[in-house]
Amino acid sequence: MKYIKKQAYLLLIIFQLVYLSCKPVQTNELPTLHEAYQSYFRMGVAVSPGALEGEESQLIRQHFQSMTAENVMKMGPIHPEEDRYNWEPADRIVDFARTHDFFLRGHALCWHNQVPDWLFKPDSILSKEELLTRLNDHITTVVSRYKQDIYAWDVVNEAISDREDEFYRESKWFKICDSTYIAKAFEYAHRADPDAELYYNDYSVINPVKRKKIYSLLRGFKDSGVPVDGIGIQGHWSIESPSETQLRETLSLFADLDLKIQITELDISIYPNAESKVVEPGTVSFNRLMEKQADQYEMIFRVLREYKDAVTAVTFWNISDRHSWLDNFPVRGRKNYPLLFNEKLLPKEAYLSVVDFNNQVSKP
Ligand code: G3I
């Protein structure tokens with residue numbers, strides 16, 4: 001069986017080589033990502049405007065039907081000065097989405113990172129009221145502009161602390177506004193576009209301690225009528241984590257709260273932690289890691305398919321192993337290979353494990 005799978009994988013690579021050299025090939029063997037998942041959830045990808053014009057553009061159109069701006073809609077890049085917005089890069093993504101009929105997620109309206117220099121100034125005398133006014137102006141302007149194009153927003157990103165003894169992250173937002181800025185951000189976004197789906201987005205949601213805090217925040221929002229529609233589980237995972245049990249527990253918890261669930265930033269690092277040694281492609285160790293990664297992807301998507309009533313989209317954080325934010329995190333310059341397509345933009349073993357869940361390809 002394993003031999004047959006390997007052969008199928010080789011066939012797949014040959015097919016892709018022919019396909020990428022622009023010869024139309026008729027094959028019923030292998031669906032694209034969004035074809036394979038059309039009766040489950042939307043398949044998305046995080047992009048920069050440049051990627052939409054380069055070689056990866058064809059891959060994006062072939063496999064995905066949803067996109068997220070990796071950086072250009074964040075507050076720093078899109079609103080660099082108090083009275084100036086930098087729309088052009090974000091507009092390029094919106095134009096591509098319109099032209100090619102993509103769903104668009106907005107990322108992110110309120111975060112402690114990638115904020116513009118002017119936002120928290122002047123230091124020490126900026127009042128809570130003034131900061132909330134700035135937040136309201138920002139959210140109202142950005143959400144209104146993209147009302148026709150963006151169906152879902154990550155409204156607040158990473159507001160919960162990683163520390164066991166702390167509930168909220170001690171960001172400048174929190175220090176100046178206490179936790180009220182979180183609910184306010186949702187209210188401002190809802191007012192600007194009552195039809196948009198609004199998400200709270202965070203990482204380490206599978207960690208039971210952090211998960212409990214996020215649950216309690218969102219349960220409180222639901223109980224008090226704060227307009228939150230869903231949870232964004234980022235999904236920066238690895239070949240060793242999450243376990244199937246952790247993933248199931250997490251999905252069940254938020255599905256029971258009647259929230260939409262989206263996996264918003266999926267990648268599977270081949271390095272379990274910052275201490276893991278660099279592994280070079282072409283080595284036996286690397287090939288083993290690729291197999292482990294394929295198994296981890298298989299498990300994750302098998303479980304996600306089971307929760308298809310709650311899970312509405314899965315977005316990969318970057319397109320191919322050609323470039324990933326993990327190439328520089330948590331270790332600068334340690335190249336990672338976390339996605340479904342390799343540096344030549346060809347599908348990896350992990351791709352097969354995600355799309356071939358009916359074992360069509362491996363059938364003799
Ligand atoms: O645009 C500037 C460029 O002008 C400058 O010359 C260059 C020099 O370093 O930096 C460029 O900015 C970089 C930016 O990505 C765009 O490429 C920043 O340095 C770099 O820090 C930034 O990294 C982004 C990171 O968020 C910032 O925290 C990653 O691309 C992006 O993938 C990552 O995404 C986050 C999500 O938004 C939230 N969840 C976690 C996820 C991973 O950190």
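As the structure lists them, so they are numbered: ligands from 1, and atoms in each ligand from 1.
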Asker: Ignoring hydrogens, tell whether any protein atom lies closer than 4.0 Å to atom 12 (O) of ligand 1; use the non-hydrogen atoms only.
Answerer: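 No, there is none.
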Asker: Would W111 count as a contact residue for ligand 1, given that I'm defining contact as a non-hydrogen atom of the residue lying under 4.0 Å from a ligand atom?
Answerer: yes
Asker: At a 4.0 Å threshold, what atoms of ligand 1 neighbour a non-hydrogen atom of K74?
Answerer: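 This gives 26 (O), 31 (C), 33 (C), 34 (O), 35 (C), 36 (C), 37 (O) as the contact atoms.
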Asker: How are the rings of H79 and Y85 set to each other: parallel, tilted or perpendicular (split at 30° and 60°)?
Answerer: parallel
Asker: Between R305 and Y37, does any side-chain donor sit less than 3.5 Å from a side-chain acceptor?
Answerer: yes
Asker: What do you think, any protein heavy atom under 4.0 angstrom from atom 27 (C) of ligand 1?
Answerer: yes
Asker: In plain terms, say whether E280 and K335 are close enough for a salt bridge, that is, a side-chain N and a carboxylate O under 4.0 Å apart.
Answerer: no
Asker: Short N/O distance, under 3.5 Å, between N71 and ligand 1?
Answerer: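 Yes: some nitrogen or oxygen of N71 is under 3.5 Å from one in ligand 1.
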Asker: In terms of hydrophobic clusters joined by side-chain contacts under 4.5 Å, are M67 and V143 together?
Answerer: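 Yes, same cluster.
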Asker: Which atoms of ligand 1 are found less than 4.0 Å from any heavy atom of E158?
Answerer: 38 (C), 39 (N), 40 (C)
Asker: When the ring planes of F64 and F341 are compared, do they come out parallel, tilted or perpendicular, using 30° and 60° as the limits?
Answerer: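 Geometry flag for F341 against F64: perpendicular rings.
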Asker: Would you check whether W325 has a nitrogen or oxygen atom less than 3.5 angstrom from a nitrogen or oxygen atom of ligand 1?
Answerer: no
Asker: Less than 3.5 Å between some nitrogen or oxygen of Q234 and one of ligand 1, yes or no?
Answerer: yes
Asker: Does the protein place any heavy atom closer than 4.0 Å to atom 9 (O) of ligand 1?
Answerer: no
Asker: Is it true that R105 and E197 have a side-chain N and a carboxylate O under 4.0 angstrom from each other?
Answerer: no
Asker: Only heavy atoms of N157, strictly under 4.0 Å: list the atoms of ligand 1 that pass.
Answerer: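 By the 4.0 Å cutoff, the relevant atoms are 38 (C).
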Asker: Under 4.0 angstrom from atom 5 (C) of ligand 1, is there any protein heavy atom?
Answerer: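 No, because not a single protein heavy atom sits under 4.0 Å from atom 5 (C) of ligand 1.
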Asker: Rounded at 0.5 Å granularity, tell me how far CD in Q58 sits from CG in L345.
Answerer: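 If I round to the nearest 0.5 Å, the distance is 9.0 Å.
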Asker: For W317, is the nearest heavy atom under 4.0 Å from an atom of ligand 1?
Answerer: yes
Asker: Is atom 19 (O) of ligand 1 close to the protein, meaning a heavy atom under 4.0 Å from it?
Answerer: no
Asker: Got the closest protein heavy atom to atom 31 (C) of ligand 1, with its distance?
Answerer: E70 OE2, 3.4 Å
Asker: Less than 4.0 Å between a side-chain N and a carboxylate O, is that true for R219 and D223?
Answerer: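 Answer for the salt bridge query: yes.
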Asker: Quick one: pull up OG1 in T68 and CG in L104 and give me the separation to the nearest 0.5 Å.
Answerer: 7.5 Å
Asker: Starting from atom 40 (C) of ligand 1, what is the nearest protein heavy atom, named by residue and atom, and what distance separates them?
Answerer: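 Ranked first by proximity to atom 40 (C) of ligand 1 is E265 OE1, 3.3 Å.
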Asker: Nearest 0.5 angstrom please: R302 CZ to Y297 OH, how far?
Answerer: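 Going from CZ on R302 over to OH on Y297, the span is 15.5 Å.
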Asker: Does NZ or CZ of R42 come closer than 6.0 Å to the centre of the six-membered ring of Y151, within 45° of the ring's axis?
Answerer: yes
Asker: Against heavy atoms of H236, which atoms of ligand 1 measure under 4.0 Å?
Answerer: 40 (C), 41 (C)
Asker: Checking a contact table here: which protein heavy atom is nearest atom 25 (C) of ligand 1, and how many Å away?
Answerer: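 Looking at atom 25 (C) of ligand 1, the protein heavy atom closest to it is Q114 OE1, 3.9 Å.
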